[in-house]
Every structure is written in structure tokens, then in C-alpha cells.
Engineer: 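Okay, here's the structure, questions in a sec.
We're numbering straight along the sequence, starting at 1.
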Amino acid sequence: MKRALSSPMSETAPYASKPELSLGRLHGTGPSPTRSEFQRDRDRIIHSTAFRRLQHKTQVFLHHDGNHFRNRLTHTLEVSQMARSMARALRLDEDLAEAVALSHDLGHTPFGHAGERALHACMEPYGGFDHNIQAMRVVTRLENRYAEHDGLNLTWETLEGILKHNGPLTNPDGTPYGKYADEGLPAGLNDIPAVADLRLASHASLEAQTAAIADDVAYNAHDIDDALRAGLITLDDMVGVPLAGPIVREVLALYPGVAPKRQAHEVQRRLITRTIEDVIATTSANIAASGATSAEDVRDAGRTLVSFSSAAAAGERGLKAFLFERVYRHETVMAPVRRSEAVVHDLFARYMATRDLPGRWGGYARAASDDRQLARIVADFIAGMTDPYALDEYARLFDARPEFR
């Protein structure tokens with residue numbers, strides 16, 4: 001029998017992250033005979049409690065709206081699949097890309113971005129709330145599954161990817177970078193246990209950058225799908241929308257007699273395919289132009305290398321503007337958003353006033369030495385809630401249940 005030749009795609013590129021060259025974990029572990037270090041990270045994340053909770057956390061539409069809308073878990077799985085696909089095409093380490101994608105939303109609150117805004121407002125006197133920093137707290141401190149240490153004990157590369165998948169946090173001189181130039185650096189950056197400095201001024205690996213752009217691709221395509229399902233928009237509304245409009249016109253012309261749901265799916269899948277193909281082609285050119293020959297070269301490149309083409313980036317901004325105006329700010333979405341923000345505000349205020357948190361969290365709260373420490377305990381507890389649990393706690397504390405319909 002002839003032995004199959006290995007595909008050149010089976011070997012990672014020189015600029016990919018190499019699990020055998022990982023900086024390692026804070027707490028040493030023996031090598032696995034069957035899994036790479038990044039595969040072990042992925043598996044630890046999937047088996048975590050925080051990952052399971054994503055099933056009952058809002059993406060855009062609250063869980064009351066129906067069973068077929070995305071939740072935070074289905075969104076995460078979609079991001080993970082896209083990240084793996086792009087990583088494979090770019091000859092990166094698929095397992096690291098998947099680990100970052102699977103963990104990128106572990107710090108999200110109940111009720112989606114509305115819950116995050118509300119918790120950030122509550123925490124403003126105590127340093128604020130940032131879901132990326134919260135994800136780091138989850139994987140390094142709050143997940144307590146192991147006998148020998150707190151947290152999941154992930155590799156340095158996965159921690160770096162969770163923290164910096166959207167880019168550096170600081171300039172080389174330590175001043176805030178990007179969105180943090182306006183908002184200020186989030187609290188907790190100096191309290192992240194890792195085996196080595198996470199280098200806030202450098203870019204993350206290509207694998208982490210791939211997970212970040214997969215998040216954007218998933219948001220765009222699937223928020224369109226959910227908005228169509230909810231009846232907030234129609235395909236005709238999208239004919240002139242950047243990026244998606246040409247695909248809508250193409251599908252309506254090719255399949256005029258097909259059911260709208262099938263037309264919508266055709267638009268969605270074509271949008272995903274073409275956007276991902278654009279990212280792969282653009283990123284390949286960016287890597288070649290950068291001259292990167294190692295993962296360290298990527299970190300020191302001075303710019304994000306995984307990107308849309310300039311035309312696709314402009315179209316993506318236009319599409320996001322359309323979704324913001326017609327979907328995210330639609331009263332059907334905003335009315336429950338306002339009620340969910342009030343739930344988070346009220347829970348935070350009651351816990352701060354009474355320290356009446358359930359179970360072991362009540363013990364932590366009663367042992368807090370000052371309001372700042374108490375506030376962080378309360379924020380950890382609320383951020384870990386699912387939507388239904390937050391409503392159950394609200395009913396316990398206030399003898400009332402908010403109506404979202």
C-alpha cells in the first residue's frame with residue numbers, strides 16, 4: 001500500500017505560533033502524550049463552567065425572544081469555526097486560534113452589551129468593568145476546578161490572545177492605546193497572574209488576530225440573520241447596504257421564487273464566504289509585505305496583519321452603521337435593553353448595601369475589607385450570571401420579576 005503524501009497545508013508557517021515553543025504556564029504541568037499545549041488550553045476552556053454559562057447569555061436578542069436566535073455560546077462556536085478555517089488557510093496553529101475564539105467572551109455579563117454597560121457604570125467609582133479583563137479573571141482566578149491552583153492555568157500565548165486579540169492596550173511608553181486612549185486603561189491590568197509579562201504594547205499572535213476578525217465576520221452575518229428572523233429588516237431594505245447589498249441583489253436575481261428564509265440563508269453564507277476569502281487574501285499579502293518569519297516578528301510588526309482589504313473594511317463599516325441604526329437601536333431591541341440595564345443596576349446596589357450574595361459569594365462579600373474589594377466581588381458575581389439566574393436573583397431580592405415582552 002502506498003503511503004499518502006502529507007499536504008503542505010499540514011505544516012504551520014514559520015510565522016505561526018508553535019506549541020513546543022510556548023512560554024508555558026504559571027503552574028508547571030507534565031507534557032501530554034496526545035495533545036499539544038494549545039490543544040490542552042482549548043479543552044480546559046470547553047470544560048469550564050464559564051463556557052457552559054454562555055448558553056444562557058444574550059447575544060443581541062434576549063432569550064425571551066425565541067429559541068432560534070443566537071446566544072453567547074452559539075456566537076462563540078461560530079467565531080471558533082471561522083477562526084479555525086482562516087487559521088488553516090493561513091497555515092497558523094488552529095488550536096491556538098480556537099482557544100482564543102472560545103474564550104474571548106467568557107467575561108461577558110448577562111443581557112449582552114447592555115449588561116456590560118450597566119455594570120461598567122456601577123463599577124466606575126471602583127475602576128470600571130471591561131469584559132476582556134473579566135475574561136482574564138475568569139481563566140486565571142474564578143474558575144476553580146483544579147486541586148493545585150486557581151484558574152485554568154492556560155499557556156502564556158492563550159492568555160496573551162484573550163487580552164490583546166483586539167490589539168495592544170498601550171503604546172511603548174505605557175500610555176493608553178486605541179480605544180483606551182479615550183477611555184483610560186481598565187482596572188486589573190496589574191493583577192493578571194501569568195508566567196511572563198503579557199507585553200501590553202505589542203500585538204498578539206496571528207492566531208489571536210484571526211479570532212478577533214472572525215468575531216467581526218460572525219457579528220455581521222449572524223446579526224443580519226437574526227434581524228431578518230425578528231422582522232426588524234427585510235432583504236429589500238438591504239439592497240443598497242455596503243458589503244451585503246451586492247450579495248442581496250445577486251441572490252434576489254438568481255432565486256426570485258425561493259422562500260425568503262432560504263434567500264436570507266443564501267445571503268448569509270455568501271457574505272461569510274466572501275468576507276473570509278477577502279481576509280485570507282489580504283492577510284497573506286500583509287504577512288508577505290511585513291517580512292515576518294516568526295511569531296515574534298508578528299508581535300513586533302507595529303500593526304495588525306490580519307485584516308480586511310480597504311474596500312471590504314469600508315463596506316464593513318457601512319454595514320455596521322446600518323445594523324446599528326436599524327437593528328441595535330430598534331425599539332424592539334432597546335426596550336428590553338433598558339429593563340435589563342435596570343436589573344443589573346438594582347442587583348449591584350442591593351448587594352453593595354446588604355452583602356446578601358448567595359452561597360460562598362456571601363462569605364466573600366462579608367469578608368471584604370472595603371467598598372472597592374466588595375465591589376469587585378459583586379462585579380465578579382454579576383458578570384458570571386446567566387440571564388435567567390439574574391432574573392431569579394432579582395425576584396429573590398425584590399419579590400418581583402421584570403417583564404421583557
Engineer: Atom CZ in R88, atom OG1 in T12: separation rounded to 0.5 Å?
Structural biologist: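 Answer for the CZ-OG1 pair, R88 versus T12, is 13.5 Å.
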
Engineer: Checking the side chain of N286 only, and the main-chain atoms of L305 only, is there a donor and an acceptor separated by less than 3.5 Å?
Structural biologist: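 Flag set: sc N286 to bb L305 pair under 3.5 Å.
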
Engineer: In terms of side-chain heavy atoms, does S22 have a donor or acceptor partner in E157 at a distance below 3.5 Å?
Structural biologist: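 Per modelled atom types, S22 and E157 side chains form a pair under 3.5 Å.
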
Engineer: Is it true that a side-chain atom of R145 and a backbone atom of G151 form a donor plus acceptor pair closer than 3.5 Å?
Structural biologist: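 No, the answer is negative, given that no donor and acceptor are paired below the 3.5 Å cut-off.
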
Engineer: Between the side chains of D215 and H75, does any donor sit under 3.5 Å from an acceptor?
Structural biologist: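 A donor-acceptor contact under 3.5 Å links the two side chains.
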
Engineer: Does a donor on one side chain sit under 3.5 Å from an acceptor on the other, for T74 and E78?
Structural biologist: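 No.
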
Engineer: Using only heavy-atom distances, determine whether the side chains of Q55 and N71 contain a donor-acceptor pair under 3.5 Å.
Structural biologist: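 Looking only at side-chain atoms, N71 and Q55 do not form any donor-acceptor pair under 3.5 Å.
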
Engineer: Near E148 CD, under 6.0 Å, is it more than 12 heavy atoms from other residues, nucleotides or ligands?
Structural biologist: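 No.
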
Engineer: For the side chain of T109 and the backbone of G112, is there at least one donor-acceptor N/O pair under 3.5 Å apart?
Structural biologist: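 Present.
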
Engineer: Could you tell me whether R91 and E11 make a salt bridge, using a distance below 4.0 angstrom between a side-chain N and a carboxylate O?
Structural biologist: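 Judged by the 4.0 Å cut-off on N to carboxylate O distance, R91 and E11 do not form a salt bridge.
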
Engineer: Decide side-chain hydrogen bond (donor to acceptor under 3.5 Å, both in side chains) for D300 and S202; before the verdict, give the C-alpha distance in whole Å, the side-chain angles of both, and the deciding distance to 0.1 Å.
Structural biologist: CA-CA 6 Å; D300 296 333; S202 71; 5.7 Å; no

Engineer: Any carboxylate oxygen within less than 4.0 angstrom of a Lys/Arg side-chain nitrogen, looking at R42 and E94?
Structural biologist: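 Judged by the 4.0 Å cut-off on N to carboxylate O distance, R42 and E94 do not form a salt bridge.
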
Engineer: So for atom CG, which belongs to D399, do other residues, nucleotides or ligands contribute more than 12 heavy atoms lying within a distance under 6.0 Å?
Structural biologist: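 Count not over threshold, so no.
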
Engineer: Aromatic rings Y126 and F348: how do their planes relate, parallel, tilted or perpendicular, breaks at 30° and 60°?
Structural biologist: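 Because their plane-to-plane angle lies in the 30° to 60° range, the rings of Y126 and F348 count as tilted.
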
Engineer: Is a side-chain donor-acceptor pair under 3.5 Å present for D380 with Y364?
Structural biologist: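 Y364 vs D380: no donor-acceptor pair found between side chains.
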
Engineer: Would you check if L163 and L169 make a side-chain contact, meaning some heavy-atom pair closer than 4.5 Å?
Structural biologist: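 Heavy-atom side-chain distance check passes, below 4.5 Å.
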
Engineer: With side chains defined as the heavy atoms from C-beta onward, is the minimum distance between V298 and H203 less than 4.5 Å?
Structural biologist: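 No. Closest side-chain heavy atoms not under 4.5 Å.
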
Engineer: What class does the angle between the rings of H108 and H131 fall in, given that below 30° is parallel, 30 to 60° is tilted and above 60° is perpendicular?
Structural biologist: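 Parallel: the ring planes of H108 and H131 meet at under 30°.
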
Engineer: Using only atom types and a distance under 3.5 Å, with no angle test, would you say the side chain of R35 pairs donor to acceptor with the backbone of D41?
Structural biologist: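 Here the side-chain-to-backbone pair does not exist.
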
Engineer: Distance only, no hydrogens: is a donor on one side chain within 3.5 Å (strictly under) of an acceptor on the other, for H165 and Q209?
Structural biologist: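 No, no side-chain donor-acceptor contact under 3.5 Å.
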
Engineer: If I take atom CG from residue N220 and atom CD1 from residue I272, how far apart are they, to the nearest 0.5 angstrom?
Structural biologist: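 Here the rounded value is 10.0 Å.
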
Engineer: Let me confirm one number: the OG1-CD1 distance from T158 to I45, rounded to the nearest 0.5 Å.
Structural biologist: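 One finds 6.0 Å between OG1 of T158 and CD1 of I45.
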
Engineer: If we only count heavy atoms from C-beta on, is the I382 to V344 side-chain gap below 4.5 Å?
Structural biologist: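 Result yes, sub-4.5 Å side-chain heavy-atom pair found.
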
Engineer: Return the set of residues passing ring-ring contact (aromatic ring centres under 6.0 Å, His included) with W156 (not counting sequence neighbours), or none when no residue passes.
Structural biologist: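 ring-ring contact (aromatic ring centres under 6.0 Å, His included) list for W156, sorted by chain: empty.
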
Engineer: For the side chain of E207 and the backbone of S17, is there at least one donor-acceptor N/O pair under 3.5 Å apart?
Structural biologist: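 Between the backbone of S17 and the side chain of E207 there is a qualifying donor-acceptor contact (under 3.5 Å).
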
Engineer: Just do the side-chain hydrogen bond (donor to acceptor under 3.5 Å, both in side chains) check on E277 and T273 with the steps written out, would you?
Structural biologist: CA-CA 6 Å; E277 289 173 351; T273 298; 5.7 Å; no

Engineer: Could you tell me whether R262 sits above the aromatic face of Y255, with NZ or CZ closer than 6.0 angstrom to the six-membered ring centre and within 45 degrees of the axis?
Structural biologist: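 No, R262 and Y255 do not form such a contact.
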
Engineer: Is it true that D226 and R70 have a side-chain N and a carboxylate O under 4.0 angstrom from each other?
Structural biologist: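 Judged by the 4.0 Å cut-off on N to carboxylate O distance, D226 and R70 do form a salt bridge.
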
Engineer: Between the side chains of N153 and Y146, is a donor N or O closer than 3.5 angstrom to an acceptor N or O?
Structural biologist: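 No, no side-chain donor-acceptor contact under 3.5 Å.
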
Engineer: Give a yes or no answer on whether the side chain of K164 reaches the backbone of L198 with a donor-acceptor pair at less than 3.5 Å.
Structural biologist: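 Yes; judged by distance alone, with no hydrogens or angles, the pair exists.
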
Engineer: State whether a side-chain donor-acceptor pair under 3.5 Å links T155 with E37.
Structural biologist: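 Absent: no donor and acceptor within the cut-off.
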
Engineer: Can R84 and D95 be counted as an ion pair, charged N to O under 4.0 angstrom?
Structural biologist: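 A salt bridge is present here (some side-chain N lies under 4.0 Å from a carboxylate O).
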
Engineer: Sub-3.5 Å donor-acceptor pair from the side chain of S340 to the main-chain atoms of P336, do we have one?
Structural biologist: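 A pair under 3.5 Å: yes.
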
Engineer: In terms of side-chain heavy atoms, does E316 have a donor or acceptor partner in Y219 at a distance below 3.5 Å?
Structural biologist: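 No, because no side-chain N or O of E316 sits under 3.5 Å from a partner of the opposite role on Y219.
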
Engineer: In plain terms, say whether D356 and R396 are close enough for a salt bridge, that is, a side-chain N and a carboxylate O under 4.0 Å apart.
Structural biologist: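 Counted as a salt bridge, because a side-chain N and a carboxylate O are separated by less than 4.0 Å.
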
Engineer: Please determine whether a side-chain nitrogen of the Lys or Arg among E250 and R274 lies less than 4.0 Å from a carboxylate oxygen of the Asp or Glu.
Structural biologist: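 Here E250 pairs with R274 in a salt bridge, since their nearest N and O are under 4.0 Å apart.
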
Engineer: What I want to find out is whether R44 reaches E143 closely enough, with some N-O distance under 4.0 Å, to be called a salt bridge.
Structural biologist: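 Answer for the salt bridge query: no.
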
Engineer: Could you check R329 against E325 for salt bridge (charged side-chain N to carboxylate O under 4.0 Å, His left out), going step by step and ending with a plain yes or no?
Structural biologist: CA-CA 6 Å; R329 286 296 174 263; E325 178 185 351; over 6 Å; no

Engineer: Specify the closest pair of heavy atoms between L106 and V139, including all atoms of both residues, with the distance to one decimal.
Structural biologist: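 Taking L106 first and V139 second, the nearest heavy atoms are CD1-CG1, 3.8 Å.
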
Engineer: Run the salt bridge (charged side-chain N to carboxylate O under 4.0 Å, His left out) check on R141 and D150 step by step: do they pass?
Structural biologist: CA-CA 5 Å; R141 296 186 182 279; D150 291 340; over 6 Å; no

Engineer: Is it true that T275 and D278 share a donor-acceptor pair across their side chains at a distance under 3.5 Å?
Structural biologist: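 Per modelled atom types, D278 and T275 side chains form no pair under 3.5 Å.
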
Engineer: On a heavy-atom basis, which atom in A390 and which in V343 lie closest, and how many Å separate them?
Structural biologist: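 It is O-CG1, 4.4 Å.
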
Engineer: Working to the nearest 0.5 Å, report the span between NE2 of H265 and CG of L228.
Structural biologist: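 Reported value, rounded in 0.5 Å steps: 13.0 Å.
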
Engineer: Determine whether the side chains of D236 and T234 contain a donor N or O and an acceptor N or O closer than 3.5 Å.
Structural biologist: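 Note: D236 and T234 side chains miss the donor-acceptor criterion.
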
Engineer: To the nearest 0.5 Å, tell me how far R317 CZ sits from L243 CG.
Structural biologist: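 One finds 11.0 Å between CZ of R317 and CG of L243.
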
Engineer: How far apart are the closest heavy atoms of R53 and T386, and which atoms are they?
Structural biologist: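 Smallest interatomic distance, heavy atoms only, reads O-CG2, 3.6 Å.
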
Engineer: What I want to find out is whether R326 reaches D237 closely enough, with some N-O distance under 4.0 Å, to be called a salt bridge.
Structural biologist: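 Answer for the salt bridge query: yes.
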
Engineer: Any side-chain heavy atom of I162 within less than 4.5 Å of one from L154?
Structural biologist: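 Result yes, sub-4.5 Å side-chain heavy-atom pair found.
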
Engineer: So V337 and F111, do their side chains get closer than 4.5 Å, heavy atoms only?
Structural biologist: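 No, every pair of side-chain atoms sits at 4.5 Å or beyond.
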
Engineer: Can you find a pair of side-chain heavy atoms, one from V217 and one from F308, that are under 4.5 Å apart?
Structural biologist: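 Counting from C-beta outward, V217 and F308 do come under 4.5 Å.
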
Engineer: I need the minimum non-hydrogen distance between S284 and L90, along with the two atoms involved.
Structural biologist: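 Heavy atoms of S284 and L90 come nearest at OG-CD2, 3.4 Å.
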
Engineer: Could you report the tightest heavy-atom contact between N166 and A212, atom names first, then the distance?
Structural biologist: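 Smallest interatomic distance, heavy atoms only, reads OD1-CB, 3.8 Å.
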
Engineer: Answer yes if the side chains of D130 and Y180 hold a donor-acceptor pair under 3.5 Å, and no otherwise.
Structural biologist: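 Looking only at side-chain atoms, Y180 and D130 do form a donor-acceptor pair, the distance falling under 3.5 Å.
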
Engineer: To the closest 0.5 Å, what do you measure between OG1 (T76) and CG (L54)?
Structural biologist: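 If we round to the nearest 0.5 Å, T76:OG1 and L54:CG are 5.0 Å apart.
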
Engineer: Between T58 and D387, is there a side-chain donor-acceptor contact under 3.5 Å, judged purely by atom types and distance?
Structural biologist: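 The criterion, which ignores hydrogens and geometry beyond distance, is satisfied for T58 and D387.
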
Engineer: Do P176 and T170 come close enough that some side-chain heavy atom pair is under 4.5 Å?
Structural biologist: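 The answer is no; the side chains never approach within 4.5 Å.
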
Engineer: Looking at side-chain heavy atoms only, is the closest gap between S205 and Y15 below 4.5 Å?
Structural biologist: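 Contact flag for S205/Y15 side chains = no.
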
Engineer: Output all residues satisfying side-chain hydrogen bond (donor to acceptor under 3.5 Å, both in side chains) with R52, sequence neighbours left out; order by chain, then residue number.
Structural biologist: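 R52 satisfies side-chain hydrogen bond (donor to acceptor under 3.5 Å, both in side chains) with T49 once adjacent residues are dropped.
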
Engineer: Ignoring hydrogens, what is the shortest heavy-atom contact between P193 and L26? Give both atom names and the distance.
Structural biologist: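 Heavy atoms of P193 and L26 come nearest at CB-CD2, 3.7 Å.
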
